[in-house]
Amino acid sequence: MFQIPLIALLSMGVLWKGIDLARAPHDRGVRLLVACLLMLLGGEVLSLPEVNSAIDAATAVGVGKVAFNGIYMSGLFALILLFASSVRGTDATHRQRLWIDAGLLGTALTALMIAMIATPATMRGHSLDTPHMAEPAIASFYIIGNAYFGYAYLACALWSLRYGRRASRHLGFGLRTMALGLFGLMITSVNRIILVALRIDEPGSHEAFNTVNWSISNWAMGGVLLGICYSAGVQLITRLRSIVHHHRMHQDLTPLWTVLTTAYPELVLNQARPGSRWHLLQRHTYEQRFYRRLIECRDGLVRLSPYLTRVAPETDLTRGPADQLARHITEALALKPTIESPRTELSAARVASPVGNDLDADARELIAISHALRERNS
């Protein structure tokens with residue numbers, strides 16, 4: 001019911017975080033998240049009956065089922081690892097948790113492959129409705145697989161709740177909703193183990209129980225989708241607000257930045273070549289561009305400060321109205337020689353010190369001067 005929407009959502013997640021990974025290829029957390037999304041996406045695609053049948057037709061019956069379980073279980077393992085690595089305590093504790101989870105995954109995958117190999121070739125296309133559930137290899141395949149799925153869903157649900165308690169209100173709501181869905185999926189995994197045990201003696205029995213379990217699975221997956229969409233939506237809105245905010249401040253600094261970098265062009269750091277193959281992916285984010293412009297403005301004021309002290313020797317340059325500082329900057333730029341002698345000793349002075357110690361306070365101080373410069377030049 002929710003398989004196609006989940007595939008679409010995972011695809012968008014891979015694209016979104018893949019762009020982030022291209023911009024920050026050394027970020028371990030992003031690499032792990034992209035790997036997790038790719039494997040979960042691959043597992044969902046492999047679970048489609050048409051795809052599974054095509055794999056069996058191209059290889060051997062049962063390969064598609066083993067491939068689905070292996071890739072999807074690995075995706076859940078990567079998700080557990082991502083959660084655990086984000087709140088890691090001591091290195092010893094982290095390594096111990098890693099080895100335990102890796103051991104559980106490796107044991108489950110090995111057992112599934114052995115169970116499939118041990119299954120007679122004519123029975124390897126089995127499902128939960130198979131009349132051969134009494135076959136030890138077939139029953140073991142479903143019991144082991146669902147046992148690991150139950151553990152992985154439970155672990156991810158507990159991690160989601162842990163993060164949800166510490167997250168902001170909106171993000172916390174999304175994580176708790178996702179955790180509720182994961183708890184539901186854990187219950188359905190346990191129910192499938194029960195169904196296997198019941199069908200060993202009565203193949204195809206308890207169909208009503210199976211129908212109810214599938215319904216629970218659909219609702220649980222819907223909860224997971226709702227939680228993911230809500231959390232992703234909150235992050236997207238927050239991201240867009242940050243982009244708009246930093247883009248506006250970047251533009252507000254333009255008048256001050258223009259006059260300073262015209263006087264000191266060496267302050268501008270090298271830009272990526274527009275024609276390069278990865279130019280779009282390597283392009284700085286709006287936040288990085290803003291911080292870079294802020295730093296370049298500060299560097300320019302430091303370079304210009306010796307001339308500011310000459311044009312306004314009796315003025316406290318660390319404080320003062322923005323329009324007054326803008327006027328002094330214009331006069332200092334006029335005083336500054338086109339080519340400065342390297343032998344000239346210049347003493348820097350503090351200019352336009354912010355009231356607070358944060359970057360926003362610094363930005364507000366420089367933006368006020370930038371606005372005053374724009375008014376003078378208009």
Side-chain angles (χ1 to χ4, degrees), residues 5-41 75 78-79 81-87 156 159-179 181-182 222-254 257 269 271-272 274 276 278-297 356 358-364 366-367:
L6 183 57
I7 289 174
L9 186 62
L10 289 170
S11 300
M12 289 187 289
V14 169
L15 178 62
W16 181 5
K17 292 303 175 182
I19 293 173
D20 288 344
L21 180 60
R23 288 174 172 168
H26 302 295
D27 191 318
R28 183 174 179 273
V30 178
R31 289 204 309 268
L32 196 56
L33 179 56
V34 171
C36 168
L37 293 172
L38 275 172
M39 286 186 285
L40 291 177
L41 174 61
L79 182 58
L81 189 59
L82 176 64
F83 277 129
S85 62
S86 300
V87 291
C156 291
W159 279 114
S160 297
L161 283 179
R162 182 173 179 178
Y163 271 84
R165 285 193 295 268
R166 302 189 308 172
S168 62
R169 181 167 62 91
H170 291 292
L171 185 57
F173 174 79
L175 288 171
R176 287 190 294 271
T177 303
M178 185 172 70
L182 289 168
V224 172
L225 281 173
L226 178 62
I228 293 174
C229 288
Y230 191 89
S231 299
V234 170
Q235 290 182 329
L236 180 60
I237 291 172
T238 302
R239 173 67 175 155
L240 291 176
R241 284 178 176 174
S242 177
I243 288 175
V244 171
H245 176 64
H246 287 93
H247 177 66
R248 184 185 299 116
M249 290 196 295
H250 180 272
Q251 293 300 108
D252 287 341
L253 286 172
T254 298
W257 178 83
L269 301 176
Q271 300 282 348
S276 63
W278 300 104
H279 172 63
L280 291 177
L281 294 180
Q282 293 176 337
R283 188 175 54 191
H284 291 291
T285 65
Y286 281 101
E287 292 88 347
Q288 290 173 324
R289 291 171 61 194
F290 159 69
Y291 294 133
R292 182 165 161 173
R293 177 155 292 188
L294 182 67
I295 292 170
E296 290 168 351
C297 286
D358 57 293
L359 283 174
D360 281 343
D362 197 17
R364 286 192 296 270
L366 297 187
I367 287 172

Exercise. Name all residues meeting the salt bridge (Lys or Arg N to Asp or Glu O under 4.0 Å) criterion together with D252; count only those two or more places apart in sequence or in a different chain, and write none if there are none.
Key: none

Exercise. May I ask you to test the F290-E287 pair for a side-chain heavy-atom distance under 4.5 Å?
Key: no

Practice problem: List in chain and number order the residues that pass ring-ring contact (aromatic ring centres under 6.0 Å, His included) with H250, two or more places apart in sequence or in another chain; answer none if no residue qualifies. | Solution: none

Practice problem: Mind telling me whether Y230 and F173 have parallel, tilted or perpendicular rings, with 30° and 60° as the class edges? | Solution: perpendicular

Self-check item: From CE (M39) to CG (L79), nearest 0.5 Å
Solution: 10.0 Å

Quiz item: Within the side chain of Y163, is there an N or O that forms a donor-acceptor pair under 3.5 Å with the backbone of F83?
Solution: yes

Quiz prompt | Spatial distance of atom CD1 (I243) from atom CZ (R289) [nearest 0.5 Å] | solution = 10.5 Å

Quiz prompt | Closest heavy-atom pair and its distance - S85, L32 | solution = OG-CD2, 4.0 Å

Quiz item: Could you state the interatomic distance from CZ (R31) to CG (D20), rounded to the nearest 0.5 Å?
Solution: 14.0 Å

Practice problem: First locate atom CG of L225, then atom CG of L10, and finally report the distance between them rounded to the nearest 0.5 Å. | Solution: 8.0 Å

Quiz item: Does I237 have any side chain to side chain contact (heavy atoms under 4.5 Å, CB included) partners at least two apart in sequence or in another chain, and if so, which?
Solution: R241

Self-check item: With sequence neighbours excluded, residues passing salt bridge (Lys or Arg N to Asp or Glu O under 4.0 Å) with D27
Solution: none

Quiz item: Any idea which heavy atoms bring A232 and W16 closest together, and the distance?
Solution: O-CH2, 3.8 Å

Quiz item: Are side-chain heavy atoms of M178 and S231 found at a separation under 4.5 Å?
Solution: no

Quiz item: What's the shortest heavy-atom distance between R176 and G164, and which atoms?
Solution: NH1-O, 3.4 Å

Self-check item: Contacts of type salt bridge (Lys or Arg N to Asp or Glu O under 4.0 Å), residue R248, not counting sequence neighbours
Solution: none

Practice problem: Mind telling me whether H246 and Y291 have parallel, tilted or perpendicular rings, with 30° and 60° as the class edges? | Solution: perpendicular

Quiz item: Between V34 and K17, which heavy-atom pair has the shortest distance, and what is it?
Solution: CG2-O, 3.5 Å

Quiz prompt | Distance, nearest 0.5 Å, that separates CD1 of I228 from CG of L9 | solution = 5.5 Å

Quiz item: Would you say the side chain of I295 lies within less than 4.5 Å of the side chain of R292, judging by non-hydrogen atoms?
Solution: no

Practice problem: Please say which of V224, L161, L182, L82 ends up in a side chain to side chain contact (heavy atoms under 4.5 Å, CB included) with C156. | Solution: L182

Quiz item: Under the 3.5 angstrom rule, does the side chain of T238 hit a backbone N or O of V234 as a donor-acceptor pair?
Solution: yes

Exercise. Could you list the residues that satisfy side chain to side chain donor-acceptor pair (under 3.5 Å) with T254, not counting sequence neighbours?
Key: R293

Quiz prompt | Shortest non-hydrogen separation from L366 to C297 and the atoms involved | solution = CD1-CB, 4.0 Å

Practice problem: Drop me the distance from L38's CG to L33's CG, to the nearest 0.5 angstrom. | Solution: 9.5 Å

Exercise. Provide the closest heavy-atom pair for A167 versus L175 in the form atom of the first, atom of the second, distance.
Key: CB-CD1, 4.2 Å

